[in-house]
Amino acid sequence: MTSEPLLVADQLTKSFGPTTALERASVQIMAGEVVAVMGPSGSGKSTLLHCLAGIVAPDSGQVRYQGRDIGAMSDTARSALRRGEFGFVFQFGQLVPELTCLENVALPLRLNRLGRRAAERRAAEWLARLEVSEVAGKRPGEISGGQGQRVAVARALVTAPKVIFADEPTGALDSLNGERVMRLLTDAARQTGAAVVLVTHEARVAAYSDREVVVRDGRTRGMELAA
Amino acid sequence: MSDLLLGARMAFSGGRDGWARAVLTAFGVGIGVALLLLAAAVPATLQARQARGDARYDFRLGEQLPAAANTLLVSTFDTEFRDRPVRGRILRPEGPQAPLPPGVAALPRAGEVVVSPALKKLLDSPDRDLFAPRLGHPEVIGTIGPQGLAGPHELAFYLGSDTLTIDGSHRTDVFGGGPPGEEFGPTLILLVVIIFVVLLLPIAVFLGAAVRFGGEPRERRLAALRLVGADRRMTHRIAAGEAMVGALLGIVVGGLLFAIGRQLVPLVTLWNISVYADDVRPSPPIVALIVVAVPVTAVVVSLIALRRVAIEPLGVTRRAASTRRRLWWRLIPPVIGLVLLAPLVNGVSAVGAVYTRYQVAAGAVLLLIGAVTLLPWLIDLLVRRLGGGPVAWQLAIRRLQLDSATSARLVSGIAVAVAGTIGLQMLFAGVQRQYTTETGEDTTRATSHVQLFNIPDGSAAIRQLLAVPGVTGGTGTLWAGIVRDGSSPDQASAGFLRIGDCPALAEYAELDRCVDGDVFRSLGPPDGGPSVDAFGPGTQVAVGERETPWTLPADTRTVPARASPIGWQRSEILATPGAIEAGRIGPLSVDTYLDFDRDDADTLERLRNTAAQLSRSSWVGTLSGTTQADRLTTIQRGLYIGIVVTLLLIGVSMLVGLLEQLRERRRLLAMLVAVGTRRATLAWSVFWQTVVPVLIGLTVAVGFGLALGSVLLRMVNMPISVSWPVIGMSTGLAAAAVLLVTGLGLPALWRLMRPAGLRTE
Amino acid sequence: MSIGQTILGLLEAGPRHGYDLKRAYDERFSHSRPLHFGQVYATLSRLLKNGLVEIDAVEPGEGPERKRYAITTAGVTDVQQWLSQPERPDLYLQNTLYTKVVLALLTGRSATDLLDIQRAEHLRMMRELTRRKAGGDLADQLICDHALFHLEADLRWLELTAARLDDLVSEVTA
C-alpha cells in the first residue's frame, strides 16, 4: 500500500503557443513526502505543478491522484478536489485584499461549505500555529511579506489537505523569513502527513525536501523515488 | 507647461493597453459630448421646423381679398394615411402672378399634383391604390423642396384645381407669416425643464466616470514618475494634462459622433415628426460652453480623484478607506432644493413667470443632485453594516467596504435617472388624467364614423360607403339645419333634421316602434345643443340651405334621445325617408357608422378614398374609448427612450469599470480558481458587488422620485397618487441595465478565471 | 584535483605528445601555475604502468618528448567513472567542478548530467545540514548556515554554468 504513489504524472506534454513548457515529464509523489521541483526559470516547473494540481490540463499524458485520472474528471470535480484535498501557497498576490487575514484563511473551509463561525475558529488555530495570530483582523495590505506568506501557509493547511502545492513560496522573502516559512510549512506538513510539491530554484529552500526532481527544458530528471 | 505635455504624451503611452484606455476615454467622453450637443440642438431644430411651418402658412386673417392677378384660392384637404397625417391643399390660381408655396417650382394645374418626397414614395409603392384615388389620380409634376416641408418624411401635397370657388376655400396673395405657434403650457415647460435635468445629470455622471477610465494604471504610472523625481505638484499637472487630452479627444469624437448622428436623423420618424439634418444645429454659445466645460471638468475630476490617493514613489496608497464620508455637506443640495420648491407647493399657476420657472428647475435639479451627493454616504453607511452570508456575498461586501466610491458614482447616475423618471411619470400620470378625455365613443356599436358635409346626393353616398370593400355593415343618416317658418334664425327656432331608415335612426333615439313614414322629436339633455321645443307637430319649417318647406306631421311622436356611437346625445327631429323626400332638399350632410375588421387598416384607407371623392370636406375616424393629448404622449415616450439611452450609457461605464477591475485582479481570480473556488461563487460575487449598490441606489431613487413627484403634483394642483406601474417600470429598466452589464461582464470573468492567469510574471 | 584523469580526458580527444598535453593542460586548467614537465611525465608513466594509456608511436630522435601517447579502453572507463562520480561537497572545489565540466564537453559527454549528479550530492549534504540545524543550538545553526550558503553558491554556479553551456560549447570546441 505504501508503495502506491499518491500523485503520478505520466509523460506530460504541454505547450503554450509555440513554446513547449513540458515534454514527456513524469513524476511520482508518495504520500507525506516533500518533493522539491527544481530547475532554471522557464524550465517548466510551474507548469508541472499546475498540471499536477489539475489547474492546467496537459496536452497529452496523464495525471493520476490516488489512482484516478484527473484529466477525466469534470471541471467541477477537479475544483472540488483542489478545494478538498489540495492546498496552495504561491509567491505573492494570493491573499484576497478585501478580506481580513482570518477570513482569508477561513476561505477554503467556507468554499467547502463549512459554517462561518467554525471555519474562522479553525482558521484562528492555524494562524496561531504559524505564529501570526496578531494579524488575524488585519487586511493583507497592512502586514509584512513574511506574515503574509505565513497566513498563506495557514490557508493552505487549514483544510488538512493531502497535498500542498507551493510555488516559490519564499520567492519574495528575505533569507530569515524564507527559512521560517519553510520550517513552518514542512513541519506542519510532516505533522499532518501532507505531501508537499515545492517548486523552487533555491537550493536552501529545496534542502527542506526529502528529494528533488529537476526540470530542464520541460523534461524531468532524477525521478528516482526516495528510499 | 512641459508637465502638461508630458501628461498628454502619457495618455497614449503604455502600448496596446494605453491606446485602449485612451480610445475608451475618448469614446466615453465623445458619447456624452454628442448627447450634450444633441440636447443643445433641440431648440434650434424646433425653431427651424416652426420657421418652415410659418413660411408655408396660407391663411389670411382679416378682410377677404378681391380676386386679382396675384391671388390664389386655397382649400385645406388634410387627410391621414395609416395613422400618419397628410397635409393637403387644393390650389387654384386666379391670375398669372399667383404666389407659389415654398418649395414648389410651379403651381399644379387641374389634374396635376405636387407632392412631398415621402408621399411620392408612397404613390410609387403598391400602397398607391389606397391613397391615389382620394386625389383623383392626378399626374405628379414635381416634388416639394425641403424649404416647404416640416421634415423629410412629412406627407404633403398641393393639388391643382380649376373648379375651386371661394366657397369652401380662401383667397391669399402670399405664403408665410404664420401666427405664433402653439405655446407649451406652463406645466409642459416645467416637464421639459425637468426632463432635461433628468437626462443631462446622468450624462454628467457618465462624463465624470469616462474621464476616470483607467485610473489605477494612471496612478501607478504617476508613482513611477515620482520615483524618478517628480514632485507632487508635477504629478498633478501631469495628471491634468492626461485628463485634458482624453477630454479634448472626446470632444473631437463627440463632434464626429454628432455629425454622423445628424446625418442619420432624417432616416428616423418619431411620432410623425421627422427632422432635416441641417436643422439639427446646436447654438454656438452652448457649443462653446461644452468645448470649454468638458475639459475643465475632466481636469477638475481627475484632480479630485488624486486628492483621495497619495502617490508615493514606491506606489499608490488609497486614503478613501480611512476617511469616513461626511454627511453635512451632502445634505445641502437636497435641503436647498426642498426650500426652493416649498413655496411653490401651493400651486404653480404663476409658473409662466420666468423666475418661478427657474425656481422650479433649480429646486428639482438640487433635489436630484441631492440623490447624487447622498448616495455614496448612504452606500458607505449601509455596506459597513452588512456582513455574514455566503462566500460570494462576503467577497462582494468586503470589496465594497474597501472601495464603494467607484460604484457609488455610477449608481448615483442611475439613481438620478430613475428618481427623475419616477417623479416625472408620477406627474404624467396625474396630468394625463387632465389631458385624457373619455371620448364617450361606443366602440361596440361601430368601428368608424364617416362624415361628409353638404353633398348633393347623400343617399347615394351612403350606399357607396357601405359598398366599400371590407365594410361589413353600418347605417347612415342625412341631416340638415331647419328653421321654423317665418321666424328669424335665432337659437330658439333653429334645429336639426335627421333623415334615415328606422335602424339608422335607432342609433340616435330610443324608438319604441318605427315604420317608414314616421317622424320623431328626440329629447336630449338640456345642454345637448338646440332644443326641439319650437318644433311641435304641424310646425312648418324650412330645411337646409335651399330652405325647402316642410311640415312636421301631426302624428310626430316625442322620444328620448340616445347617445350615438360617437357619444352625441341631442335633441333633433328624426324623419324616415317616407315622411320627407330627401332628393328634394338639396345638399345634405351625411353621418355614417360603419363596421369592419378593426385590424384591417386597408379598409379605413379605402373609406378615406371614397369619402374624399365624395366630398373635399369629409371626416373619417375610427372610434376609440379615450384620447390623449398627443404632446404628452410624445414627451412621455421621449422620456422613456432618453432614460433607456442614459441607463445604457451608465451601464457601459459600469461595464468598463467592472472589466478594468477584473483585469486588475486577473492573478487573484486565477489563484482563487486554482484553490478550487467554484466559478459560480465568483460570478455571484461580481453580481452582488454590482447589484448591492444598485439596490441601495434604486431605493434612494424611489424615495427621491416620490418626493419629486409629490412636489410636482402639488405644484400643478393635483392630488398625490403613487403610480406603482411607473415605479416598477423605471426601476425595472434600471435593473435590466445592471443585469445586462453583469451578463456582459461574465464572459470576461470566465476568460480571466482561466488558471493561465497564474502565469503572468 | 586529479591531474591523471585530466590528462586522460585530454587524450580521449586523440593521441598527443607529452609536450602537447602540458600545453593543452596549461591553456585550459592552470591559469597561474603551469605544470612541470616532470609532473607530466611522471603522471604519464604512472598511467602507462596502470594500463590506462599506451605509446601510440615513437618518432625518431632523442628524448622522451618523441613519444606519442594514446588512451586505452581502460583509460576511457576511468575517465567515465571519474566524471560520473560526484565530488564530495566541499569548500572551494570549483576547480575540480570546472575541470570536470570542460572535460565532459571536450569528450562529448553530457555536462548537464554531471551537473545534475553533483546537485543531487550537494542537496543530500544540504538536507543533512538543514536537519542538523533544526535540532542544533545557535552555534550549530550558524555553522550550518555558513556551510549551506557556500554549498548553495556552488550549486548556483553549477546552474549558471548549465545555463551557459551553449556559450561554453562554442568556446571549448573553437
Side-chain angles (χ1 to χ4, degrees), chain A residues 16-17 21 41-42 46-47 49-51 53-57 75-100 103-104 106-117 119 139-142 152 155-156 158-159 161 165 167-168 171, chain B residues 216 309 314-322 383-384 386-404 406-407 661 664-686 688-689 750 753-761:
Chain A
F16 296 102
S41 29
S46 282
T47 308
L49 178 133
H50 293 160
C51 285
I55 297 171
V56 166
D75 187 53
T76 321
R78 263 202 305 274
S79 289
L81 183 71
R82 291 201 297 268
R83 271 201 310 276
E85 311 272 296
F86 298 167
F88 293 88
V89 185
F90 299 111
Q91 184 173 354
F92 49 73
Q94 49 187 327
L95 297 177
V96 182
E98 296 90 12
L99 300 183
T100 63
E103 286 166 339
N104 262 295
L107 188 65
L109 291 172
R110 302 210 56 212
L111 289 173
N112 278 329
R113 306 214 192 279
L114 188 67
R116 181 190 171 107
R117 208 155 295 169
R139 295 219 165 90
E142 303 163 335
R155 193 185 61 180
V158 74
T159 54
F165 295 94
D167 192 350
E168 303 280 8
Chain B
E216 298 205 22
V309 291
L314 288 177
V316 182
T317 333
R318 239 152 252 293
R319 294 183 187 138
S322 50
V383 159
R384 256 171 220 282
L386 289 174
V391 180
W393 174 263
Q394 190 184 33
L395 285 171
I397 294 302
R398 287 279 190 265
R399 170 86 194 156
L400 287 173
Q401 283 171 347
L402 210 59
D403 175 24
S404 64
T406 318
S407 41
Q661 195 199 90
E664 220 167 86
R665 294 158 69 86
R666 183 165 31 196
R667 244 197 90 79
L668 185 70
L669 287 170
M671 187 277 301
L672 282 170
V673 171
V675 304
T677 311
R678 292 174 196 86
R679 273 151 204 257
T681 306
L682 292 179
W684 276 110
S685 117
V686 168
W688 287 124
Q689 192 191 318
W750 248 241
M753 282 193 309
R754 279 201 309 236
L758 283 173
R759 296 180 62 243
T760 52
E761 275 143 75

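We use all heavy atoms of the structure for the numbers below, so side chains are in, but hydrogens, waters and symmetry mates are not.
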Exercise. Out of A:L111, A:L99, A:L109, which one pairs with B:V391 under the side-chain contact (heavy atoms from CB on, under 4.5 Å) rule?
Worked result: A:L111

Problem set entry | Contacting moiety of A:R110, where chain B heavy atoms sit under 4.5 Å | both

Seminar exercise, completed: Honestly, the part of A:R78 sitting under 4.5 Å from a heavy atom of chain B is neither

Exercise. Are any of the side-chain heavy atoms of A:V96 and B:R398 separated by less than 4.5 Å?
Worked result: no

Exercise. Distance from B:M671 atom CE to A:I55 atom CD1, nearest 0.5 Å?
Worked result: 10.5 Å

Problem set entry | Pick from A:F86, A:F88, A:F165 with the largest number of heavy-atom pairs that fall under 4.5 Å of chain B | A:F88

For this session: Find the one option among A:G54, A:A53, A:P97 whose heavy-atom pairs under 4.5 Å with chain B are most numerous.
Result: A:P97

Seminar exercise, completed: Applying a strict 4.5 Å limit to non-hydrogen atoms, the region of B:T681 in contact with chain A is side chain

Seminar exercise, completed: In this structure, OG1 of B:T677 is separated from CZ of A:R82 (nearest 0.5 Å) by 8.5 Å

Exercise. Using non-hydrogen atoms only, which part of B:I397 is less than 4.5 Å away from chain A: side chain, backbone, both, or neither?
Worked result: neither

